Protein chains: 2
Amino acid sequence: MSSTDDSASAPMTDEETASAGFSDDGKNTIGSQLASRLREAIISGELEAGSKINLDKARRTFNVSLSPLREGLARLISDGLVEFQDNRGYRVAPISLANLEEITTLREELEVFALRESMRLGDVEWESNIMRSLHRLNRTDRDASRPETLEQWEALHREFHLTLISGCGKPLLLHFCGLLLNLNDRYRRVFLIRTSGDRNVGQEHSEIAQGAVARDIEYASEKLRQHIHRTGTNLRNHLATKGIV
Amino acid sequence: MSSTDDSASAPMTDEETASAGFSDDGKNTIGSQLASRLREAIISGELEAGSKINLDKARRTFNVSLSPLREGLARLISDGLVEFQDNRGYRVAPISLANLEEITTLREELEVFALRESMRLGDVEWESNIMRSLHRLNRTDRDASRPETLEQWEALHREFHLTLISGCGKPLLLHFCGLLLNLNDRYRRVFLIRTSGDRNVGQEHSEIAQGAVARDIEYASEKLRQHIHRTGTNLRNHLATKGIV
DNA sequence: CATTGACAGATAATCGATTATTTTTAATAG
DNA sequence: CTATTAAAAATAATCGATTATCTGTCAATG
């Protein structure tokens with residue numbers, strides 16, 4: 001709902017090159033930094049879904065004390081990426097077919113609704129942002145072999161989807177959509193190295209963006225719905241392949 | 001998303017009467033207990049919306065140490081009842097007309113969708129639970145003069161709404177609806193002492209429940225939508241009266 | 001042989017003190 | 001007087017140690 005951090009931005013070297021070192025742009029406290037690192041570790045699959053998070057081990061791994069560790073984990077609970085039980089500790093949120101299907105269904109409901117509201121309420125600024133996000137996304141290739149390219153694409157993709165619905169004027173709705181996007185991205189990053197051959201995702205994005213900017217509500221909504229649905233189907237097949245229930 | 005605690009149940013004296021004292025039903029850790037107490041304090045308006053939460057003061061008020069205090073606050077962030085900023089601390093989530101309207105809109109979208117899914121998927125157990133919740137709710141009077149009656153009614157009301165949609169088989173959706181219900185309840189408890197004269201809320205609840213159990217999808221959906229909408233309108237008027245923007 | 005209970009080790013929760021950051025106050029220059 | 005800056009006070013974040021809780025093991029019992 002609140003929290004301070006971005007998770008999808010900041011294109012700079014880890015330590016903020018020499019110069020003045022004025023890094024006061026976000027992720028300040030250790031807790032915040034940890035939240036980002038853990039989020040990335042979970043979404044990328046580095047931390048296995050469903051696995052237990054041992055506090056002592058994690059503390060040593062990340063070289064921090066308990067307090068900020070718990071702080072960071074608490075944020076990931078808000079994100080739905082970590083589960084918690086009193087006196088039993090934390091574990092990475094499990095994945096399942098049912099979970100994926102729910103995420104897809106809810107995205108179809110919420111994200112499409114948010115897009116409609118955006119088309120109803122968005123201003124020129126919103127339109128411009130869409131075109132910019134689209135361009136950046138389409139100019140970036142998703143090369144499975146290079147992880148940093150993949151991460152970059154994921155960040156831009158997320159950015160694009162959020163921008164699409166950013167004109168809706170509903171912070172809570174945007175928050176929910178952001179959560180769902182996060183959850184969905186984990187499935188993609190863990191399971192989907194290549195996109196299905198019969199899809200042209202760039203094309204899909206362009207159609208949605210064009211429709212949105214043109215305020216063609218029915219067209220854009222349907223294109224977005226299909227886009228989300230296809231991704232869901234695609235992912236489901238991959239899950240099935242790996243035998244996940 | 002996860003977290004251990006109920007917030008709407010446990011009808012027993014604070015200290016779990018003599019006998020064995022086997023209270024292992026929930027709210028165990030200090031952090032959990034704090035989360036409950038703080039949630040109640042915020043929803044009831046005891047902690048003013050928008051006000052800063054001073055950690056030291058809170059620590060002394062609740063007689064706890066920093067760690068569990070932060071733990072508890074972290075949960076309320078998930079609930080959208082508390083906002084947080086790095087190095088700036090916590091504050092009670094503010095209220096506004098726009099926020100109330102968004103909550104109402106999203107409830108109309110999400111709760112109605114969840115009800116439809118429940119009617120599509122719910123079993124007999126689900127139906128029975130609705131009738132039970134309805135009965136309990138309608139047998140409880142909401143007496144504004146006695147706070148404990150009010151609290152009791154609020155708990156049952158929340159329970160009823162959650163039960164209505166509990167058959168949808170979508171944990172995430174239920175989570176979202178629970179959040180919205182929470183946020184909405186705060187507005188009611190803070191601003192709405194009496195319900196508008198031209199409403200018979202008991203009747204409304206009965207109609208929704210009957211329609212749901214009869215699987216009359218259009219009827220029940222519309223009744224629920226109207227119910228939510230009326231509450232929203234009602235609350236908006238009260239906000240306006242108190243001059244809240 | 002299955003079940004229960006006590007122990008020990010592992011793990012989580014909490015505390016009190018310390019450190020880092022922000023906010024307020026006060027002093028000074030322009 | 002107003003704006004700027006430095007010091008002080010208030011507040012938040014973090015640490016290391018301590019306490020509480022849980023989990024698995026193994027022996028005793030029926």
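No experiment lies behind these values; they were computed from the predicted model shown. Naming: A, B, ... by sequence-line order, numbering from 1 per chain.
For A/Y90 and A/N54, the side-chain atoms include no donor-acceptor pair closer than 3.5 Å. With 3.5 Å as the limit, one finds no donor-acceptor pair spanning the side chains of B/H157 and B/R142. With no hydrogens or angles considered, a side-chain donor-acceptor pair links B/D86 and A/S32 at under 3.5 Å.
Counting to the nearest Å, the P atom of C/dA12 and the CD1 atom of A/I53 are 10 Å from each other. Straight-line distance from the CG atom of A/N28 to the P atom of C/dA20: 15 Å, rounded to whole Å. Atom C1' of nucleotide D/dT21 and atom CD of A/Q85 are separated by 13 Å, given to the nearest angstrom. Whole-Å rounding puts the A/D56 CG to C/dG9 P distance at 16 Å. The CZ atom of B/R59 sits 12 Å away from the P atom of D/dT11 (whole-angstrom rounding). One can place CZ of B/R60 at 11 Å from P of D/dA12, the figure rounded to the nearest angstrom. Computed from coordinates, the A/F84 CZ to C/dA12 P distance equals 10 Å when rounded to whole Å. Here D/dT11 presents its P atom at 7 Å from NZ of B/K57, a figure rounded to the nearest Å.
Along DNA chain D, the nucleotide nearest to B/L55 and the one nearest to B/S67 differ in position, and the one closer to the 5' end is contacted by B/L55.
For D/dA12, the OP1/OP2 oxygens have a side-chain nitrogen or oxygen of B/K52 closer than 4.0 Å. In terms of phosphate contacts, A/N87 brings a side-chain nitrogen or oxygen within less than 4.0 Å of OP1 or OP2 of D/dC22. Contact annotation: B/R88 side-chain N/O to C/dT23 OP1/OP2 distance is under 4.0 Å.
Closest to the side chain of A/N54, out of C/dT11, D/dT11, D/dG16, is C/dT11.
Nucleic acid contact for A/L66: none, since no nucleic acid atom lies under 4.0 Å from a heavy atom of the residue. B/L73 comes within 4.0 angstrom of no nucleic acid atom, judged by non-hydrogen atoms across all strands.
The existence of a salt bridge linking A/R189 and A/E154 is excluded, since no basic side-chain nitrogen approaches an acidic carboxylate oxygen closer than 4.0 Å.
No side-chain heavy atom of A/P171 sits under 4.5 Å from any side-chain heavy atom of A/L174.
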